[in-house]
2 protein chains.
Amino acid sequence: MTIQQVATEAGVSPSTVSNLLNGRNHRMLPETRQRIERAIDKLGYRPNRAARQLRTGRNTTIGLVVPSVGNPFWGALARHLESAALAEGYHVLLCNSERDPRRERDYVDELWADGVHGVVLCSSLPSLDHVMPLVERGLQLVAFDRTSQAGDPASLVSISVDNAIGSQLATQHLTDLGHRRLAFVSGALASVNRKERYRGFTAGLEQAGIDPATSVRAPVKGDADDFGDVEASELGRAAAAELLALEEPPTGIVAINDMCALGVCRGLRDGGLEVGKDVSVVGFDDIVLADLYAPTLTTVRQPMKEMAAAAFTQLRSRLDDSGPTQGQSLLFRPELIVRESTAPPT
Amino acid sequence: MTIQQVATEAGVSPSTVSNLLNGRNHRMLPETRQRIERAIDKLGYRPNRAARQLRTGRNTTIGLVVPSVGNPFWGALARHLESAALAEGYHVLLCNSERDPRRERDYVDELWADGVHGVVLCSSLPSLDHVMPLVERGLQLVAFDRTSQAGDPASLVSISVDNAIGSQLATQHLTDLGHRRLAFVSGALASVNRKERYRGFTAGLEQAGIDPATSVRAPVKGDADDFGDVEASELGRAAAAELLALEEPPTGIVAINDMCALGVCRGLRDGGLEVGKDVSVVGFDDIVLADLYAPTLTTVRQPMKEMAAAAFTQLRSRLDDSGPTQGQSLLFRPELIVRESTAPPT
DNA sequence: CTGAAAGCGCTAACAC
DNA sequence: GTGTTAGCGCTTTCAG
């Protein structure tokens, strides 16, 4: 089923069919157009993308590289980005880096080799050097959940929630409730957003007149290898056990994200404590499960839908050349969602 | 960066480079080979996939169409399938149908138009008629989580857990504990696997000498529109409310999947009941969260990793022409995982 | 063992 | 308005 056959069927030349296919339909008689459309329908013709791409160097696929589809947060991003893309006739190629820098780079390379010119990269890495060569050759990059850094490519778009504010809100919520002994639970602070969340935590403490030095960041050990997402829950659980073993366990815990928070809750329960009573826990992300859990989880919501839509819009306008070529940062406002997992200390 | 430039650099012809690229390297002197490899490295050459595909009609991408990446169960499938594919140099293009039959068909069409010849389809639909035209043209299809049906294409591979046995195990577990008033909570029984799970439920009841007519399938209303996955939890929650309003509420509940079960637990809690004490709940899938929830969720585990690996292996061998062309069904054995959400009735 | 040549399906100048 | 033409980068006979 080629454009040639359609042309023959419609009694026109391939280029006329091509013109129609590419929206240059003012260039032909309405009746010609009709004939071509009928031929297309009759033959069930679909343009061959490989040929089209070979010719134009363009395509309508964008890449999405996420740390882990095992975490519903990233699943939600995928859904929303896909919806936005689909509505404009774009496709999304989803890649799962498992927070492995090599895999991340390999995927971006692969995407580029596949002719994908726009990628939404949810990178855990502080530096984007590993993808710079491609950016220099024209790859359009949107960094998601990672604010701009000094060494970033000039054309980079960054889309992120304000992580520092988010976890400061979380922390402040706990101090407002009267908690004084707080802990921050995370894996390695190996990514930009994690560092910022930690910064928000300490800022929140200081604001409440608590010396950050007296608070705990757990787990203290194992910072190097505990960076996963599915593992986030296991990590939270283990961290909770560690915290409970302290002389003066914290009464309030800020977790790096909801999966981790859920693990923390599990760990506290292992230790015989009741979350939302003996200990308060705050998460980050507001995944669907936060509202299902027992107790329901107080957390910091990221406006995912808006962020995903922005990511697509930015990418699209740059792929079109219709947008600015200058980089920019979009920082979204996080929102504290208070539920049952937090309460005044007993 | 074309094959021509590599050829020039290495002082050979493009076809020799192509031969090397395609594993026909016995056809050349070792030193020629060396020269070419050096040239490739030096120039950082990567074959253009579009061109290659245009020429050969083949590619190394497989499609995965899932009902919803918002459900961690499908996220887990994506991860495992991707791992298996990656190890063999294949890519996975993930598509999210949101259980919309039209979207499902459109995606399969799109994939085919993109030159994808193999698709893992997690279809909710009893009939695969909508993709038959493509199968007739050579699309290799693996149906996941959907057992073979009478009208299916002869070449179809089906990979699924034995759903009937799974939910029979779940039901039996409840009856063994002494429960006599049971309910089955699901959205519309619109898919093959859901029907089977329901069948397993009734089989389990009969085996325990309970008349299925006295048990409840909830929700009774709204069967048409409540077929989603993220919504599964909301549905479970609403269903629980309905059940509690009955004169004699069930003491044991079998849910269609874990997300739904989590919603049920939430709904029971809304009603002031304690799961694993006042009421027992069993899920299906064994998502990561089943073991995090409070109480931890008794559920039926699907051997996801093995199933995903099988899906890829089957697809691959058929794309290679190295496998059988006959269809086949692979039914995996589910496993009951007993946790805290089930206990004898009080 | 290596090279020359044809063409996959499409698009975009450029003619007419 | 519509057709002609020249490739995009690659693979694969078929010659040498």
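Scope of the values below: all heavy atoms of this structure, side chains included, with no hydrogens, waters or symmetry mates.
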Checklist entry - So what does A:N19 hit on the nucleic acid, given a heavy-atom distance under 4.0 Å: a base, only sugar-phosphate, or nothing? => result nothing
Item to check | Proximal nucleotide (of C:dC10, D:dG9, D:dG3) relative to the A:R52 side chain | outcome: C:dC10
Checklist outcome for this item: A:I3 CD1 to D:dT4 C1', in whole Å, measures 14 Å
Item to check | Enclosure of B:E31 CD (heavy-atom neighbours >12, cutoff 6.0 Å) | outcome: no
Next on the checklist: Does a side-chain N or O of B:N48 approach OP1 or OP2 of D:dC10 to a distance below 4.0 Å, or not?
Outcome noted: no
Checklist entry - Do any side-chain nitrogens or oxygens of A:S18 fall under 4.0 Å of OP1 or OP2 in C:dT11? => result yes
Checklist entry - Is the side chain of A:H117 donor-acceptor paired with the backbone N or O of A:G57 at a distance under 3.5 Å, no angle test? => result yes
Next on the checklist: Please classify the nucleic acid contact of A:T56 as base, sugar-phosphate, or nothing, using heavy-atom distances under 4.0 Å.
Outcome noted: sugar-phosphate
Checklist outcome for this item: With the side chain defined as heavy atoms from C-beta on, B:L29 is closest, among C:dC1, D:dG3, C:dT11, to C:dC1
Checklist outcome for this item: Picking from C:dG7, C:dG3, C:dC10, the nucleotide nearest the side-chain atoms of A:R55 would be C:dC10
Next on the checklist: Under 4.0 Å, heavy atoms only, any strand: does B:R24 hit a base, just the sugar-phosphate, or nothing?
Outcome noted: sugar-phosphate
Next on the checklist: Under 4.0 Å between a side-chain nitrogen and a carboxylate oxygen: does that hold for B:R49 and A:E110?
Outcome noted: yes
Checklist entry - Would you say a side-chain N or O of B:S15 is under 4.0 Å from OP1 or OP2 of C:dA5? => result no
Checklist entry - Strictly by modelled atom types, are A:E104 and A:S123 linked by a side-chain donor-acceptor pair under 3.5 Å? => result yes
Next on the checklist: Does C:dG3 have its OP1 or OP2 closer than 4.0 Å to a side-chain nitrogen or oxygen of B:T16?
Outcome noted: yes
Checklist entry - With a 3.5 Å cut-off and no angle check, do the side chains of B:S158 and B:S160 form a donor-acceptor pair? => result no
Checklist outcome for this item: Side-chain atoms of B:Y45 come closest, of C:dC10, D:dC10, D:dG3, to D:dC10
Next on the checklist: From CD of A:Q34 over to P of D:dG1, roughly how many Å is that when rounded to an integer?
Outcome noted: 17 Å
Checklist entry - Side-chain N or O of A:S13 less than 4.0 angstrom from OP1 or OP2 on D:dG3? => result yes
Next on the checklist: Please report the distance, rounded to the nearest Å, between CG in A:L21 and P in C:dA12.
Outcome noted: 11 Å
Checklist outcome for this item: Result for 5'-nearest mapping on DNA chain C, choosing between B:R33 and B:L54, is B:R33
